[in-house]
There are 2 protein chains.
Amino acid sequence: MEQLERERAASGGDGLNVTRRIANDLGRAIVTQRFTADTGFPFESQLCEQYGASRSVVREAVKMLTAKGLLRARQRAGTVVQPEGSWNLLDPDVLRWLMERDFSIDLLIDFTEMRMAIEPRAAGLAANGASGPQRAAIVKAIDRMFAAEQGEDDPLEADIAFHRAVIEASNNRFMRQFTDLSEATLRFSIRRTNAYAGVSRASAIDHRRVANAIVEGNARGASSLMRELIDGALRLLLEAGGHPAHDSF
Amino acid sequence: MEQLERERAASGGDGLNVTRRIANDLGRAIVTQRFTADTGFPFESQLCEQYGASRSVVREAVKMLTAKGLLRARQRAGTVVQPEGSWNLLDPDVLRWLMERDFSIDLLIDFTEMRMAIEPRAAGLAANGASGPQRAAIVKAIDRMFAAEQGEDDPLEADIAFHRAVIEASNNRFMRQFTDLSEATLRFSIRRTNAYAGVSRASAIDHRRVANAIVEGNARGASSLMRELIDGALRLLLEAGGHPAHDSF
DNA sequence: TCACCGCATAAGTCATACTTTTCTTGATTT
DNA sequence: AAATCAAGAAAAGTATGACTTATGCGGTGA
């Protein structure tokens with residue numbers, strides 16, 4: 001048991017197998033720009049030595065990163081880092097590495113702009129076609145927000161549950177890919193902007209308005225109320241980031 | 001030269017290496033549900049035999065698919081297909097396989113709903129912060145649309161160039177991931193709905209309105225005009241798919 | 001009936017040899 | 001001197017075989 005513990009520590013692993021550990025490490029290194037297109041990227045042989053691992057696992061790790069658009073390998077030329085434009089930024093791993101790299105206000109703004117695109121539309125779709133259980137999940141999340149206001153639940157978790165439920169209820173497979181991004185944004189927003197707007201009674205009421213519109217099948221209302229909701233967060237971020245104010249749209 | 005040709009044909013490859021060919025083949029097989037979570041997935045050994053390939057390449061191919069969320073391998077348990085919810089649907093490869101699987105009207109509607117979310121917001125962002133060259137690219141695309149109307153350019157390509165330019169001008173890294181999806185949607189829409197709305201003079205004028213709003217820095221206008229533009233396509237699709245009409249939002 | 005142990009299995013890791021592609025270099029030709 | 005071509009080298013791609021590790025399953029005993 002202790003030996004197992006020691007091995008883990010020695011390998012720096014978090015219970016992952018060797019391949020995943022190397023992929024993780026290299027992925028983070030690329031995203032944090034420790035390797036760039038200019039810098040170049042180590043050869044297989046060098047990576048083997050560096051990690052004390054066999055060629056197989058190194059190659060498999062590299063293959064995973066090429067699958068995510070971070071790398072490209074060619075015979076004789078070696079492995080090169082791809083330009084950021086071809087990274088699969090919505091890939092959960094890439095997203096995680098990106099957030100580890102710098103969770104700046106600007107990144108948070110980019111995230112929130114995405115939410116601003118996705119979630120109002122999702123709310124409208126939910127109003128038009130959410131199933132019974134999906135509507136129930138939305139309503140339940142609202143109840144949790146009010147409970148949280150009384151200290152009987154966690155406000156952040158309730159907030160996340162609400163947004164997740166709405167996106168889920170859009171019944172659009174592609175929009176569902178954004179639940180993680182939405183959740184990550186909420187979790188980090190609260191750290192960055194020390195004023196968390198989510199706990200106040202006013203916020204819970206605003207959220208309930210969105211939920212009501214969805215339940216009533218009022219797509220236009222749901223959409224624009226959701227937009228206002230997120231726009232509030234966005235404006236806080238823009239202000240915190242020192243960006244010039246502009247009209248909402 | 002001829003020998004090369006023959007080898008290609010024999011291996012069924014399109015100039016790809018063995019690993020990529022297998023990954024492609026398996027990826028398509030999974031997405032087309034030839035393998036499901038219930039069905040099970042072949043063991044490494046079986047795949048080696050099936051493809052007449054070594055374990056190395058099979059393992060690397062499988063690793064690429066796990067990186068895209070399609071598979072999950074565990075010792076003793078074998079490799080299993082993941083539920084569709086954990087696939088990275090925005091991954092270019094997965095997207096391609098998905099389109100090869102069924103380019104149904106419903107899929108096209110899902111795509112268009114995504115465009116409906118992304119592009120109006122992108123247009124607004126472009127109005128607020130597009131650079132000079134970015135604005136120029138948008139204007140140029142509009143010129144191409146009018147040229148196409150005179151038979152001096154390709155209408156579809158001009159249309160695609162316009163939407164691509166707007167998304168690019170959003171200067172949001174995540175929105176940029178949708179250029180491919182947008183392009184694919186346009187290319188397939190024209191095949192499915194034999195009435196292509198893109199060639200008419202009216203359409204070119206509508207597009208120019210969006211462009212003008214962007215160039216003038218009118219975010220709200222750009223956003224809502226873009227929404228109307230795509231909403232037109234969406235309504236055609238909904239009608240063609242036999243979906244009940246509902247209010248725009 | 002239930003908990004435990006050991007075995008079988010399939011993926012994970014390693015080492016090594018060989019192949020293919022492609023860049024470099026330098027000799028050959030014009 | 002410039003262009004062309006051929007030989008060599010370098011790095012990824014492929015193949016094979018052996019060993020390791022995790023884990024599901026069935027049998028054994030309390």
Task: For B:Arg164, the option from B:Glu183, B:Glu157, B:Glu119 that meets salt bridge (Lys or Arg N to Asp or Glu O under 4.0 Å) - done: B:Glu183
Task: Side-chain-base donor-acceptor pair under 3.5 Å for B:Gln75 and D:dT23 - done: no
Task: Toward the 5' end of DNA chain C, by each residue's nearest nucleotide, B:Gly78 or A:Val18 - done: B:Gly78
- [ ] Starting from P on C:dT21, measure out to CZ on A:Arg72 and report it in whole angstrom.
- [x] 15 Å
Open item on the list: Of the listed nucleotides (C:dC23, C:dG12, D:dG13), which one gets closest to any side-chain atom of A:Ala73?
Closed with: D:dG13
Task: Which residues share a salt bridge (Lys or Arg N to Asp or Glu O under 4.0 Å) with B:Arg20, sequence neighbours left out - done: none
- [ ] Whole angstrom is fine here: how far is it from CD1 in B:Ile22 over to C1' in D:dA15?
- [x] 12 Å
- [ ] Among B:Leu186, B:Leu237, B:Leu95, B:Asp106, find the one that has a side chain to side chain contact (heavy atoms under 4.5 Å, CB included) with B:Phe111.
- [x] B:Leu95
- [ ] Take B:Arg96 and B:Asp93 through the salt bridge (charged side-chain N to carboxylate O under 4.0 Å, His left out) test and state the conclusion after the steps.
- [x] CA-CA 5 Å; B:Arg96 200 182 66 245; B:Asp93 290 322; 2.9 Å; yes
Open item on the list: Between C1' on D:dA11 and CG on B:Asn17, what's the gap in Å once rounded to a whole number?
Closed with: 14 Å
Open item on the list: How many whole angstroms separate atom CZ of A:Arg21 from atom C1' of C:dT13?
Closed with: 12 Å
- [ ] Answer with yes or no whether A:Arg76 presents, from its side chain, a donor or acceptor under 3.5 Å of a partner atom in the base of D:dA9.
- [x] yes
- [ ] Check DNA chain D against residues 39-65 of chain A and give the residues with a non-hydrogen atom under 4.0 Å, in numerical order.
- [x] A:Phe43, A:Glu44, A:Arg55, A:Arg59, A:Lys63
Task: Partners meeting side-chain hydrogen bond (donor to acceptor under 3.5 Å, both in side chains) with B:Glu113 (sequence neighbours left out) - done: A:Arg121
Task: Rounded interatomic separation in angstrom, taking CZ from A:Arg20 and C1' from D:dA22 - done: 16 Å
Open item on the list: More than 12 heavy atoms of other residues, nucleotides or ligands under 6.0 Å from CZ of B:Arg135: yes or no?
Closed with: yes
Open item on the list: Looking at D:dT14, I'd like to know if its phosphate oxygens (OP1 or OP2) sit under 4.0 Å from a side-chain N or O belonging to B:Thr19.
Closed with: yes
